[in-house]
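Notes follow the structure.
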Amino acid sequence: MNEVRVRFAPSPTGPLHIGGVRTALYNYLFAKKNGGKMILRIEDTDQTRFVPGAEKYIVESLDWCGIKFDESDYVGGEYGPYKQSNRKHLYKQYSDELLEKGCAYIAFDTAEELEQYRKEAEANKQTFIYNCQSRKHLRNSMNMSKEEVDALIANGTPYTVRFMIPEDREIVMHDLIRGEVHVQTNTLDDKVLFKSDGMPTYHLANIVDDHLMKISHVIRGEEWLPSMPLHVMLYEAFGWEAPQFAHLPLLLKPDGNGKLSKRDGDRLGFPVFPMYWVDPKTGDTASGYKQSGYYPEAFINMLALLGWNPGTEQEIFTMDELIQAFSLERCSKSGAKFNVEKTKWFNHEWLMRKSEEEVGKDYQAWLKAEKNIDVDLNFAIKVAGLVKDRVNFVKELWDQSFFFFEAPTEYDPVTVKKRWKENSAEMMGKAAEFINGIEDFSAENIDKVLNEWITGNEFNMGLVMNGLRLMLVGAGKGPHIHEILALLGKEEALKRIEAGVKVLG
RNA sequence: GGUCUCUUCGUCUAGUCUGGUCAGGACGUCAGGUUUUCAUCCUGGUAACUCGGGUUCAAAUCCCGGAGAGACUACCA
């Protein structure tokens, strides 16, 4: 068997949405699993839809995701260039070849004329198709002499090249995910292969490049399934061996029906893109998973399980584990509705698995950026270690640990009502005195001696602990009291108790 | 409209090829437990085979028919 070579071939028409990321991911996993190569090819044959910055966005996003390419314009490769606009000169000869073989023909119909035919057909509740029937009555080389055609071309009449779909044939194709697919050629239309602007359409460029780049497997979204027969016939017309095809199920809207789109993210309040994006023309912005605080590992993990499963009950996967476990056979056929809650859960799982050091470092940066708080890295690490398992995102750490960085200025009324008793102030005084006398201020020792002190004196455990919590945190939440005490330090703790007693009395 | 694809808990899915476990897991949700706090965590509950026929001792699984959903239907990819 030949070497496995797959490609991810986006169009730089905007930010890459998560469906595209998943397609890239599955290509990557398949390539790595089979010891093959992953290629990035930019399909920019439609110059009217070009969006500045989109290509850069795609490259950076996939890099953030940990999806690496073996060949591209960025890392090189022996089949470059890997951008279709830079391969423009290659395509005409293939278009000519099909013309010579009689597998394609020249059409002079203008876009406006065709538009008119479509409208007329629609008015009669019919569909206009450029096919074996209608092409007999349209302005193309099938109905003209060679001289006529040459003359028109010579005087600069714009023309397109259309593929001539053979009549009365059944095309039987094999899809790695869907099995056999049968299509009658009479239901197909003569697609344009070469545009009047001198550029190939997707269909031609795609087949030519896949062939030239020795692509072995085409793994792409289900929206391409209807053009598979065209592609198969193109390979046949050229006399080339076709790659294997696999059409992935679509990513659907969480509510209602339909393909997931940019609008859904705005509407439902979750990112549809891997990274933040600003549209250069409109200035519109779109949020990204990266900026929303997701770890790339969690994002990829979630995406991998949306349309594929390992057949075991394992849900948390590293990229390497995904590569080991992946197979196209275990991809599902039906579209998957995107689920925000599960996505958050994946991030939670990954956050818990991260080291205190790593989370602490992220938290330190977050504190500086969002709260303008400078904090010692070791302190941030200790705080992160104490509360990281309680949250989904680094940014949520604040709500669980703000009291480590600022003393309470007010006290949660509900907690005060529930926990602050008549003799609490007096008890806090005694506790402060005892705490002041603790020599070894480690969490372990505080836990030990504080408990001994309370039980030894037959104090009410709840009265002391809940009171202290209110003094130190300002609310009825947070880690164990001894942990808070130890991290805050004796001096700060005593200050807070004194201040709290003064306020609550 | 036409062509193609798909159809198991609210969601992601296992199971379908090779009929035979109370249809399994996860997210969500609900209830307990742990935490003398809150959160996490743990335990348990909840909830599905699109419908109708047929084959069979037995059908989510095989066959036929209907229904629904999605994609495509551009000189866009």
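Every chain is numbered from 1 and lettered A, B, ... according to where its sequence line falls, protein lines coming before strand lines.
Within residues 380-393 of chain A, the residues that have a heavy atom under 4.0 Å from RNA chain B are, in order of number, Asp389(A), Arg390(A).
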Contact list (N/O, under 3.5 angstrom) for nucleotides 26-29 of chain B vs protein:
{"from": "A26(B)", "atom 1": "O4'", "to": "Glu315(A)", "atom 2": "OE2", "distance (Å)": "3.0"}
{"from": "A26(B)", "atom 1": "O2'", "to": "Glu315(A)", "atom 2": "OE1", "distance (Å)": "3.4"}
{"from": "A26(B)", "atom 1": "O2'", "to": "Glu315(A)", "atom 2": "OE2", "distance (Å)": "2.4"}
{"from": "A26(B)", "atom 1": "O2'", "to": "Lys342(A)", "atom 2": "NZ", "distance (Å)": "2.6"}
{"from": "A26(B)", "atom 1": "N3", "to": "Lys342(A)", "atom 2": "NZ", "distance (Å)": "3.3"}
{"from": "C27(B)", "atom 1": "OP1", "to": "Trp345(A)", "atom 2": "NE1", "distance (Å)": "3.4"}
{"from": "C27(B)", "atom 1": "O2'", "to": "Lys342(A)", "atom 2": "N", "distance (Å)": "3.3"}

Between protein and nucleotides 66-69 of chain B, what N or O pairs are separated by less than 3.5 Å?
none

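Base pairing annotation: C22(B) forms no Watson-Crick or G-U wobble pair, as no partner gives both donor-acceptor distances under 3.5 Å. Both distances falling under 3.5 Å, in either a Watson-Crick or a G-U wobble arrangement, occur for no nucleotide opposite C9(B). U34(B) makes up no base pair with any nucleotide shown, lacking Watson-Crick or G-U wobble contacts both under 3.5 Å.
Under 3.5 Å, the side chain of Arg178(A) and the base of U5(B) form no donor-acceptor pair of N or O atoms.
Within 4.0 Å (heavy atoms only), Gly221(A) reaches no atom of the nucleic acid at all.
Ring geometry for Trp453(A) against Phe434(A) counts as parallel: the plane angle stays under 30°, on a 0 to 90° scale with 60° as the upper cut. In this structure, Trp398(A) and Trp366(A) have tilted ring planes: the angle between them lies in the 30° to 60° band.
Distance, Arg469(A) CZ to C38(B) C1': 7 Å, rounded to whole Å. One interatomic measurement links the two molecules: CE of Met465(A) to C1' of C38(B), which rounds to 15 Å at whole-angstrom precision.
Here the side chain of Arg87(A) pairs a donor or acceptor atom with the backbone of Pro81(A) at under 3.5 angstrom. Using modelled atom types, one side-chain atom of Arg22(A) and one backbone atom of Leu306(A) make a donor-acceptor pair closer than 3.5 Å. Checked by atom type and distance alone, the side chain of Lys262(A) never pairs as donor or acceptor with a backbone atom of Ala286(A) at under 3.5 Å. For Asn27(A) (side chain) and Ile219(A) (main-chain N/O), a donor-acceptor pair under 3.5 Å exists by modelled atom type.
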Give the B/S/- string for nucleotides 72-77 of chain B, one per nucleotide from 5' to 3', where a protein heavy atom under 4.0 Å of the base yields B, of only the sugar-phosphate yields S, and otherwise -.
-> S-SBBB

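Listed by chain and number, the residues in a side chain to side chain donor-acceptor pair (under 3.5 Å) with Arg330(A) are Asn309(A) (sequence neighbours excluded). With sequence neighbours excluded, no residue forms a side chain to side chain donor-acceptor pair (under 3.5 Å) with Asn460(A).
Side-chain atoms of Asp109(A) and Tyr117(A) form no donor-acceptor pair, as typed in the model, at a separation below 3.5 Å. Ser401(A) and Tyr363(A) are linked by a side-chain donor-acceptor pair at a separation below 3.5 angstrom, with hydrogens and angles left out of the test.
Residues Ile316(A) and Arg353(A) have side chains in contact (heavy-atom distance under 4.5 Å, counting atoms from C-beta outward).
Because its NZ or CZ atom is not both nearer than 6.0 Å to the ring centre of Phe459(A) and within 45° of the ring axis, Lys430(A) does not count as a cation-pi partner of that residue.
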